K.L.:
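Dumping the structure here so I can ask a few things about it.
Worth saying up front: this structure is predicted, and the values here are computed from it rather than measured. Side chains are part of it too, since the values below use all heavy atoms of this structure and drop only hydrogens, waters and symmetry mates. In what follows, chains are A, B, ... by sequence order, proteins preceding strands, each numbered from 1.
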There are 2 protein chains.
Amino acid sequence: MTEKQILEKSLVLFNQKGYAQVGMRELARELSISPGNLTYYFKKKEDVLSALLKQFSSHNTQLYQTFQNVKPTNANFLRLTRSIFENQYAYRGVYIGNQFVQKAITENNLFEYEEVVIRRKDAYSDIFRLLENSGHLKLKGDDVSFLVAYMTLFGRFWITEATLFNKVPKSDEVISHYIHLLAKQLSLFSTNVGLISIEEFLKVDGS
Amino acid sequence: MTEKQILEKSLVLFNQKGYAQVGMRELARELSISPGNLTYYFKKKEDVLSALLKQFSSHNTQLYQTFQNVKPTNANFLRLTRSIFENQYAYRGVYIGNQFVQKAITENNLFEYEEVVIRRKDAYSDIFRLLENSGHLKLKGDDVSFLVAYMTLFGRFWITEATLFNKVPKSDEVISHYIHLLAKQLSLFSTNVGLISIEEFLKVDGS
DNA sequence: CAAAAAAATAGTACGTTGTACTATATTGTG
DNA sequence: CACAATATAGTACAACGTACTATTTTTTTG
C-alpha cells in the first residue's frame, strides 16, 4: 500500500459521498487494509484532507503559471479558467466540505492558507492588467478590484453551487455553463478586440 | 424549556463554533437540561438545523415580498438585498455548514428545497424585469439570466467567503463590502436614472 | 546467509458522538 | 383525587476518530 493509492481512493470516495460521510474504517475496507494500517500512513482523517488539498493547490498554482507563457488574450484567460475549473471539479469532494477546511485553517495552518488566497488575488490582478495592456480589456476606477473580487468568489463557489443540487454533475456541461457566465462578465469590460477573442473561444472551445 | 429557547441557543452556538462543532450534550448543558430532555424536543440534531433553516427561509421570503410594495428602483433593490444579507448573516451558522444541508436535502426534502431555489430565481427574474420597466436597467439578450445566475451564486456564498477567513466578521463592514460589489455589478446594466439611484443609495445607506 | 533494524500490517481499546429507549417527575384535566 | 399527558432525566448502544500495542514482513548490515 502506498500513500498515493490511499489518496486516490479517498478522493473517489469523497467525491462520491462527501468528506464527512466517508469513515476511516470504510476507507480501509475499500483499500483492503486494516484501520490500524491506514492510520500508519495518515494518523488523522484530516491529514488525508490536507494531503489532497496540497495536491490540488500545487496543481492549481502550476496552472496559473502557464498563463505567463501564452499571449494575454481573453480567450487564453478563459482557457486558463476552464483548466482550473476542471481541477476544482476533480477535487470537488475535498473542496466542498469547507467547514472542515475552515476548521483545519483556524486550528493549524491559517497563515499558509491566507497567503495562498492573497497570492491568488495578486495573480488575478496581474492577469487583468495584462489583458488591459494587450488591449483586450478596458479598465478604469475600481474595475480591477471588482473583477478580482468577482473571480475570487465565483471561482471558488461555482463548484459548490453545482454539487449542491446535482449530486453527480456532468463535468463538461457544468463547467461549460459557468465558463459562459464568466465570459459574459468579462465581455462587460472588453474592447472590440477582447470581444472577438471571447467569441473565438466560445466557438472553438465552448460546447 | 421551549423549542424557541432551544433554537435561539443553538443558533448562537452554531454561529460561534459551526454546526459540526456543537454537540447535543454541549447544547443541553448550555440550556441546563439533560441530553435526554433535548431529544424530546428534537429527536435528531439535523432537526434543529431544519427548524432553523425553516425560520431563516420564511423570514427570507417575507423580505422578498416587501419589494412588491416599494417603487422598483435600484436603490430599493440594494436595500432589499442588504436586508436579506443581514438575515443570512444572522443565520450564518446554519447557512455555511452546507454539506450537512446538502445531506439533508439529498436524503429528505430535496424537492421542497429545489422548489425554493427555483422560486427565488423566478423572483429575481421578476425583479430585474421590474427594474427594466421602471427605466433603471437596460437589459438585452441573456442579461437577465446572467444577472439571475449572478445573484444566485453571489447572494448565497458571499457569507461563506466572509466567514471562511474571518471567524467572527463584523456584520456592518462585511455586508457593506459585498453590497458595494453588487452595486458595481448592477451599475454595468444601469441607465442614467439607475446609476443615480445607486449613487443615492450608496450616499445614504452605504457606510 | 543470518541477525538486527526498520517498515508495514493487524488488532484492540478508549473517549466522544448522535440517538434510541426506559424510568421518573411534573403538569393538566375529568 | 385519579388518571392521562407532558416533560425531564438517566442509561445504553452503535459508530466514529484515533491512540496504542503486538505481530508480521521487508530491508539493512555485519
K.L.:
Among C:dC21, D:dT8, D:dT18, which is the nearest nucleotide to the side chain of B:Thr39?
P.N.:
C:dC21
K.L.:
Looking at A:Asn37, I'd like to know whether one of its side-chain N or O atoms comes within less than 4.0 Å of OP1 or OP2 on C:dA8.
P.N.:
no
K.L.:
Looking only at side-chain atoms of A:Arg25, point me to the closest of C:dT9, D:dC16, C:dG18.
P.N.:
D:dC16
K.L.:
So among B:Asn74, B:Asn76, B:Ile198, which one has a side chain to side chain contact (heavy atoms under 4.5 Å, CB included) with B:His136?
P.N.:
B:Asn74
K.L.:
Using whole Å, report how far CE of A:Met1 lies from C1' of D:dT26.
P.N.:
16 Å
K.L.:
Whole-Å distance between C:dA10 P and A:Leu38 CG?
P.N.:
11 Å
K.L.:
In this structure, how many angstroms lie between the C1' atom of D:dG17 and the OH atom of A:Tyr41, rounded?
P.N.:
20 Å
K.L.:
From the set C:dA10, C:dA8, D:dA9, return the single nucleotide nearest to any side-chain atom of A:Ile33.
P.N.:
C:dA10
K.L.:
Measuring to OP1 and OP2 of D:dG17, would you say a side-chain N or O of A:Lys45 lies under 4.0 angstrom away?
P.N.:
yes
K.L.:
Rounded to whole Å, how long is the line connecting atom CG of B:Asp47 with atom P of C:dA20?
P.N.:
9 Å
K.L.:
So which nucleotide from D:dT18, C:dT19, D:dT8 ends up closest to the side chain of A:Met24?
P.N.:
D:dT18
K.L.:
B:Glu3 has an atom CD; how far is it from atom C1' of D:dA7, in whole Å?
P.N.:
13 Å
K.L.:
Quick one: which of B:Phe157, B:Trp158, B:Phe154 gives a ring pair (Phe, Tyr, Trp, His ring centres under 6.0 Å) with A:Phe157?
P.N.:
B:Phe157
K.L.:
Rounding to an integer number of Å, can you tell me how far A:Arg29 CZ sits from D:dA15 C1'?
P.N.:
12 Å
K.L.:
Look at all strands and tell whether A:Val48 reaches a base, only sugar-phosphate, or nothing, counting heavy atoms closer than 4.0 Å.
P.N.:
nothing
K.L.:
Does a side-chain heavy-atom distance below 4.5 Å link A:Arg120 with A:Thr152?
P.N.:
no
K.L.:
Provide the closest heavy-atom pair for B:Tyr91 versus B:Leu52 in the form atom of the first, atom of the second, distance.
P.N.:
CE2-O, 3.6 Å
K.L.:
Check the angle between the aromatic planes of B:Phe189 and B:Phe146 and answer parallel, tilted or perpendicular using the 30° and 60° thresholds.
P.N.:
tilted
K.L.:
Rounded to whole Å, how long is the line connecting atom CD of B:Gln21 with atom P of C:dT17?
P.N.:
11 Å
K.L.:
For A:Lys43 and D:dG17, give me the distance from atom NZ to atom P, rounded to whole Å.
P.N.:
17 Å
K.L.:
Identify whether any heavy atom of A:Gly36 sits under 4.0 Å from a base atom; if not, whether one sits that close to sugar-phosphate; answer base, sugar-phosphate or nothing.
P.N.:
base
K.L.:
Think B:Tyr40 has a side-chain N or O under 4.0 angstrom from the OP1 or OP2 of C:dT19?
P.N.:
no
K.L.:
Start at the 5' end of DNA chain C and walk down; is the nucleotide closest to B:Gly23 or to A:Ser32 reached first?
P.N.:
A:Ser32
